2 protein chains.
Amino acid sequence: MLPANIEIRDYLAGLIKQSRLKQNERLPSERELVEQFKSTRITVRDALSKLESEGLIYRSNRRGWFVSPPRLEYDPSSRVNFYLLAEQQQRTPATELISQKRIKGPQTARTALAVAADEKLIELVRLRSLDGRPVLYEFIYLQESRFPELMKKDLEGSLTTLMQRDYNVEITHEDNRICVSAVYDQVADALSHINGAPCLEIRRIRYEGERKAVEFDIEHWVHSAIELRIPSH
Amino acid sequence: MLPANIEIRDYLAGLIKQSRLKQNERLPSERELVEQFKSTRITVRDALSKLESEGLIYRSNRRGWFVSPPRLEYDPSSRVNFYLLAEQQQRTPATELISQKRIKGPQTARTALAVAADEKLIELVRLRSLDGRPVLYEFIYLQESRFPELMKKDLEGSLTTLMQRDYNVEITHEDNRICVSAVYDQVADALSHINGAPCLEIRRIRYEGERKAVEFDIEHWVHSAIELRIPSH
DNA sequence: CAGTGGTCTAGACCACGAT
DNA sequence: TCGTGGTCTAGACCACTGG
């Protein structure tokens, strides 16, 4: 005899795998599932959380639970930009610039970029979406001195292209660190997640030349929206 | 006014970050926390789940909650074996061979290895630990024809070394796919996790020569135990 | 406005781990 | 055997979304 939470999970997972529920379709409401399975919301929500962990469904704040579309395949080493990547996979990308500031920034960013004690950093915060669903909340830190007048430019497109065209930056290599983490507060809100939901976190340092770091990013991906692909030779 | 679950989370996160609770130390029991915060187990467990998602704590089945040690840094492209990797980071590794079988295997493995319809695969299932804590449950699929007598050998050490030494296999490249997934049943049990807990999943195809796939792995990592490091040039 | 999920109360029984 | 977490019952109120 399976526990009720697993039974509910299996039932919904079956519907999704048989495509009886299509991608981005809303699931029955929690209360409907409670009735259907003669169970309680605690148990139903437990089942839904499991499906969310697996990446089969996602939530949209207080609107309901939805079937996840296929994951975006992303090779961090390829340096293909977000727009191109999305379009190659028949998805519609969008970017919203949440904020741009001159600030001291977090210590991790200052260390990565090796800035002097009195120098400020430029912080860009962006929210990126696929087919209207927010999937990525990112913090970008740059050295002000290397990018004068940056904040007057269009910051919703590809930063790599902009850096190349307007500042003659050629990225020679980068260092990516990937782990499972959790989102809170404004990140959780923007991604329509609850506080403490798991996410895939990528921290990246980009270099021009052997030791000259020019960019530090922290990316928070909705975990069901992405699959990393790392070829190695 | 913060919700109670966040308040409890913040309190415990504070204890951990100030090292008032040391790595691998047990947290107060759920019922103790209920008393301390005049709350309920639902709320306390909600806070604990959030900390687990963040990787700050882990659970050991029905024994309690414990403070996570630092993550193992792992570069899949480096092909350093597990033992060496662990020892470089002052950790004590161990491997347990759970099972070895000749089976048809899952379709994903058969496709990856491009085996004939009637050929069986060798499946190895292993559990790997750091300092006594299980962190990785892996399924390994190999072509029987390429590895005769394999099942008579020591399968708890480095497979790469064994393949090289006894079968003259030289891995030329590999393809890694990384996503956040969830563990169930025997995987969850072995990792001391509950059904549906998130994990970091790595699927890997290893090649000798341009197109000759010799190994297909599915790794389930306890998500708080690992950080991937991907340098790119 | 009604309906949704987010949070919470105040308990209960069970399986399993440590001793 | 006792304490632990795992699962579950049967509700409640709130904040927010959409029509």
Side-chain angles (χ1 to χ4, degrees), chain A residues 1-10 12 24-53 57-67 132-134 182-186 188-197, chain B residues 1-10 12 24-53 57-67 132-134 182-186 188-197:
Chain A
M1 182 55 184
L2 287 171
N5 58 355
I6 300 296
E7 206 168 310
I8 299 173
R9 186 217 82 93
D10 289 348
L12 292 171
N24 293 314
E25 188 175 337
R26 226 199 81 200
L27 273 62
S29 81
E30 296 179 1
R31 285 164 178 89
E32 280 166 7
L33 291 169
V34 166
E35 269 201 56
Q36 184 177 341
F37 286 93
K38 306 261 174 282
S39 185
T40 66
R41 269 187 77 205
I42 295 281
T43 305
V44 165
R45 283 171 66 77
D46 196 34
L48 291 167
S49 302
K50 285 171 171 41
L51 289 165
E52 185 189 31
S53 293
I57 65 175
Y58 65 95
R59 56 179 106 194
S60 182
N61 222 341
R62 290 171 213 274
R63 290 201 313 125
W65 298 85
F66 299 82
V67 178
R133 170 189 174 207
V183 290
Y184 284 93
D185 303 327
Q186 90 263 32
D189 286 347
L191 295 175
S192 232
H193 269 216
I194 56 171
N195 269 323
Chain B
M1 182 57 184
L2 286 172
N5 58 357
I6 300 296
E7 206 168 309
I8 298 172
R9 186 217 82 95
D10 288 349
L12 292 170
N24 294 315
E25 189 174 337
R26 225 198 81 200
L27 272 61
S29 80
E30 296 179 2
R31 285 165 178 86
E32 280 166 7
L33 291 169
V34 166
E35 270 202 54
Q36 184 177 341
F37 286 94
K38 306 260 175 285
S39 185
T40 66
R41 267 187 80 208
I42 295 280
T43 305
V44 165
R45 282 172 67 78
D46 195 35
L48 292 167
S49 302
K50 285 172 171 40
L51 290 164
E52 185 189 32
S53 292
I57 65 175
Y58 66 94
R59 55 179 108 195
S60 182
N61 222 341
R62 290 171 212 272
R63 287 199 317 122
W65 298 85
F66 299 82
V67 178
R133 170 190 174 205
V183 290
Y184 285 92
D185 303 328
Q186 90 262 33
D189 286 348
L191 295 176
S192 232
H193 269 215
I194 57 171
N195 271 322

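Every chain is numbered from 1 and lettered A, B, ... according to where its sequence line falls, protein lines coming before strand lines. Just so you know, these numbers come straight off a predicted model, no measurement behind them.
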Task: salt bridge (Lys or Arg N to Asp or Glu O under 4.0 Å) contacts in which one or both residues fall within residues 35-44 of chain B, not counting sequence neighbours - done: B:Glu30-B:Arg41
TODO: Provide the closest heavy-atom pair for B:Ala4 versus B:Thr43 in the form atom of the first, atom of the second, distance.
DONE: CB-CG2, 3.9 Å
Open item on the list: For B:Arg63, give me all partners under side-chain hydrogen bond (donor to acceptor under 3.5 Å, both in side chains), at least two apart in sequence or on another chain.
Closed with: B:Ser60
Task: Shortest non-hydrogen contact from A:Arg9 toward A:Ala47 - done: N-CB, 3.8 Å
Open item on the list: Categorize B:Ile42 for me: base, sugar-phosphate, or nothing, with a 4.0 angstrom heavy-atom threshold over every strand shown.
Closed with: base
- [ ] Report yes if some heavy atom in the side chain of A:Ile6 is under 4.5 Å from a heavy atom in the side chain of A:Asp10; otherwise report no.
- [x] yes
Open item on the list: At a heavy-atom distance below 4.0 Å, which nucleotide of DNA chain D is the first touched by chain B, and which is the last?
Closed with: D:dT4 to D:dC8
Open item on the list: Mind checking if A:Arg31 touches a base, just sugar-phosphate, or nothing, with heavy atoms under 4.0 Å?
Closed with: base
- [ ] Please work out if A:Arg59 contacts a base, only the sugar-phosphate, or nothing of the nucleic acid, heavy-atom cut-off 4.0 Å.
- [x] sugar-phosphate
Task: pair A:Glu52-A:Leu48: side-chain heavy atoms closer than 4.5 Å - done: no
Task: CD1-CZ distance between A:Ile194 and A:Arg62, expressed to the nearest 0.5 angstrom - done: 10.5 Å
Task: Strand contacts (DNA chain D) in residues 43-51 of chain B, 4.0 angstrom heavy-atom criterion - done: B:Arg45
Open item on the list: Taking only side-chain N and O atoms of A:Ser29, does any of them lie within less than 4.0 angstrom of OP1 or OP2 on C:dT4?
Closed with: yes
Task: Sugar-phosphate, base or nothing in reach of A:Ser60, heavy atoms under 4.0 Å - done: nothing
TODO: Report yes or no: is the cationic atom of B:Arg133 (NZ for Lys, CZ for Arg) under 6.0 Å from the centre of the six-membered ring of B:Phe66, at an angle within 45° of the ring normal?
DONE: no
Open item on the list: Just verifying a value: how many Å separate B:Asn24 CG and B:Tyr58 OH, rounded to the nearest 0.5 Å?
Closed with: 4.0 Å
Task: Sub-4.5 Å side-chain heavy-atom contact between B:Leu12 and B:Ile57 - done: no
Open item on the list: Dot-bracket for DNA chain C, please. Rules: Watson-Crick or G-U, both distances under 3.5 Å, ( ) within the strand, [ ] when a pair crosses earlier ones, | for another strand, . otherwise.
Closed with: ||||||||||||||||||.
Output one line per pair: protein atom, nucleotide atom from nucleotides 17-19 of chain C, and distance, for all N/O pairs under 3.5 Å.
none

